[in-house]
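What follows is a set of notes on a single structure, which appears directly below.
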Amino acid sequence: MFVEPAETQVRALSTVQVAQLDAVLSEIAADPAGVTPHATASALRDYQHSGVRIVFYATALGSILLVTYVEVD
């Protein structure tokens with residue numbers, strides 16, 4: 001689930017960038033607890049891989065990711 005401003009950021013991505021984002025989201029979904037905590041907010045997770053950066057919260061069971069920030073090179 002994307003929240004603002006991530007929702008707006010995703011709408012601005014190209015088709016290729018969306019494909020990159022989808023691949024990284026699949027990696028995160030496989031192991032959300034394994035992602036590094038954000039430097040300034042321990043409840044947030046910050047994942048960077050293959051030119052994609054995603055900042056998100058994971059629910060208690062890790063079954064839902066609330067994406068708060070997206071960056072794709």
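Among the candidates Leu65, Val35, Thr36, Val67, the single residue satisfying the side-chain contact (heavy atoms from CB on, under 4.5 Å) test with Arg45 is Val35.
Residues in residues 28-44 take part in no salt bridge (charged side-chain N to carboxylate O under 4.0 Å, His left out) pair, two or more places apart or across chains. Within the structure, side-chain hydrogen bond (donor to acceptor under 3.5 Å, both in side chains) pairs that include any residue of residues 64-73 comprise Tyr69-Glu71 (at least two apart or interchain).
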List, one per line, each side-chain donor-acceptor pair under 3.5 Å for residues 11-19, sequence neighbours excluded.
unit_1: Arg11; atom_1: NH1; unit_2: Glu7; atom_2: OE2; d: 3.0
unit_1: Arg11; atom_1: NH2; unit_2: Thr8; atom_2: OG1; d: 3.2
unit_1: Ser14; atom_1: OG; unit_2: Gln17; atom_2: N; d: 3.2
unit_1: Ser14; atom_1: OG; unit_2: Gln17; atom_2: OE1; d: 3.4
unit_1: Gln17; atom_1: OE1; unit_2: Ser14; atom_2: N; d: 2.9
unit_1: Gln17; atom_1: NE2; unit_2: Val72; atom_2: O; d: 3.2

Which atom pairs, donor and acceptor, lie under 3.5 Å between side-chain atoms of residues 47-55 and protein residues at least two apart or in another chain?
unit_1: Tyr47; atom_1: OH; unit_2: Glu27; atom_2: OE1; d: 2.6
unit_1: Arg53; atom_1: NE; unit_2: Asp46; atom_2: OD1; d: 3.1
unit_1: Arg53; atom_1: NE; unit_2: Asp46; atom_2: OD2; d: 3.4
unit_1: Arg53; atom_1: NH2; unit_2: Asp46; atom_2: OD2; d: 2.7

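Taking CZ from Phe56 and CE from Met1, the interatomic distance works out to 15.5 Å, rounded to the nearest 0.5 Å.
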